[in-house]
Amino acid sequence: QKVLLERETEYLQSYIDLQQQRFGKKVSVNTSLTAIDKQYEIEPMLLIPFVENAFKHGTGMVENAQIDIELSAKNGILWFMVKNKYNNLQEETKDKTSGIGLANVKRRLNLLYGNHHTINIHKEDGWFTVSLKINLH
């Protein structure tokens, strides 16, 4: 059962607002979740795990913690990017289930969108970045 992308975006924004209340000035959060040109539908709860991961791994012992989140949907293409600073030393001790969440989301994306999506995940220069593109047609 799909939901309106606009609704999912509101949910993301509420979650981000809640986390900003929690962390205050300890983390700088930059969001751009506004460029949606039509009433698109998306699978529910598909994007939130990426944002949850950013707050889980991009806060705490991270110096100058920063999280950037962008979402746009134009011409039937959804673009979603979540980027956070991370601490290499902290990552090793964070938890033993690290990576399971991302693996599950990737599996879900494959089941729901098949070859109509691409996801890129990489770590570079202290940044962890997830880029997702979904063809919504």
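Being a predicted model, the structure only gives us computed values, none of them experimental. Just so you know, these numbers use all the heavy atoms, side chains as well, and skip hydrogens, waters and symmetry mates.
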Angle between ring planes, Phe23 versus Phe55, binned at 30° and 60°: parallel, tilted or perpendicular? parallel

Can you name the nearest heavy-atom pair linking Glu43 to Tyr113, along with the distance? N-OH, 3.2 Å

Apart from Ile77 itself, what residues make up its hydrophobic cluster when side-chain heavy atoms of I, L, V, M, F, W and Y under 4.5 Å apart count as a link, directly or indirectly? Trp79

Does the side-chain contact (heavy atoms from CB on, under 4.5 Å) test come out yes or no for Lys85 and Asn64, once each step is laid out? CA-CA 8 Å; Lys85 285 188 177 179; Asn64 300 319; 3.6 Å; yes

Interatomic spacing from CZ in Phe80 to OG1 in Thr9 - rounded to 0.5 Å: 8.5 Å

How far does NZ of Lys83 sit from OG of Ser131, to the nearest 0.5 angstrom? 9.0 Å

Shortest non-hydrogen contact from Gly58 toward Val27: O-CG2, 4.5 Å

As a quick check of understanding, evaluate side-chain contact (heavy atoms from CB on, under 4.5 Å) for Ile42 and Val3, giving each step before the final call. CA-CA 6 Å; Ile42 188 172; Val3 296; 4.3 Å; yes

Derivation and outcome, side-chain contact (heavy atoms from CB on, under 4.5 Å), residues Leu132 and Thr118: CA-CA 6 Å; Leu132 174 65; Thr118 54; over 6 Å; no

Distance col, row Leu5:CG vs Leu47:CG, nearest 0.5 angstrom, shows 7.0 Å

Taken in chain and number order and not counting sequence neighbours, the residues that satisfy side-chain contact (heavy atoms from CB on, under 4.5 Å) with Val130 are Phe50, Ile119, Ile121, Phe128

Return the set of residues passing side-chain contact (heavy atoms from CB on, under 4.5 Å) with Asp17 (not counting sequence neighbours), or none when no residue passes. Gln13, Gln20

Side-chain touch Glu124/Thr129, heavy atoms, less than 4.5 angstrom: no

For the CE atom of Met45 and the CD atom of Glu8, what is their distance to the nearest 0.5 Å? 7.0 Å

Extract all donor-acceptor atom pairs below 3.5 Å that involve side chains of residues 32-40 and protein atoms in other chains or at least two apart in sequence.
residue : atom : partner : partner atom : Å
Asp37   : OD1  : Tyr40   : OH           : 2.6
Asp37   : OD2  : Asn75   : N            : 3.0
Gln39   : NE2  : Glu6    : OE1          : 3.3
Tyr40   : OH   : Asn75   : N            : 3.3
Tyr40   : OH   : Gly76   : N            : 2.8

Is Leu18 reachable from Val51 through a run of I, L, V, M, F, W or Y residues, each pair having side-chain heavy atoms under 4.5 Å apart? no

Any Leu112 side-chain heavy atom under 4.5 Å of Leu46 side chain: yes

In chain order, what residues pass the side-chain contact (heavy atoms from CB on, under 4.5 Å) check against His137, with sequence neighbours excluded? Asn135

State whether the number of non-hydrogen atoms from other residues, nucleotides or ligands found under 6.0 Å of Arg7 atom CZ is greater than 12. no

For Ala54 against Val82, the heavy-atom pair lying closest together: CB-CG1, 3.6 Å

Taking side-chain hydrogen bond (donor to acceptor under 3.5 Å, both in side chains) as the definition, give me every residue that meets it alongside Arg22, ordered by chain and number, with sequence neighbours left out. Gln19

Would you check, one step at a time, whether the test side-chain contact (heavy atoms from CB on, under 4.5 Å) holds for Leu109 with Ile134? CA-CA 9 Å; Leu109 280 164; Ile134 300 175; 4.1 Å; yes

Could you give the distance from CG (Leu136) to NZ (Lys133), rounded to the nearest 0.5 Å? 11.0 Å

Contacts of type side-chain contact (heavy atoms from CB on, under 4.5 Å), residue Ser28, not counting sequence neighbours: Asn30, Gln66

What distance separates Ile16 CD1 from Gln21 CD, expressed to the nearest 0.5 Å? 13.0 Å

Of all heavy-atom pairs linking Asn87 and Met61, the shortest is ND2-O, 2.8 Å

Are side-chain N/O atoms of Arg107 and Asn110 paired as donor and acceptor at under 3.5 Å? no

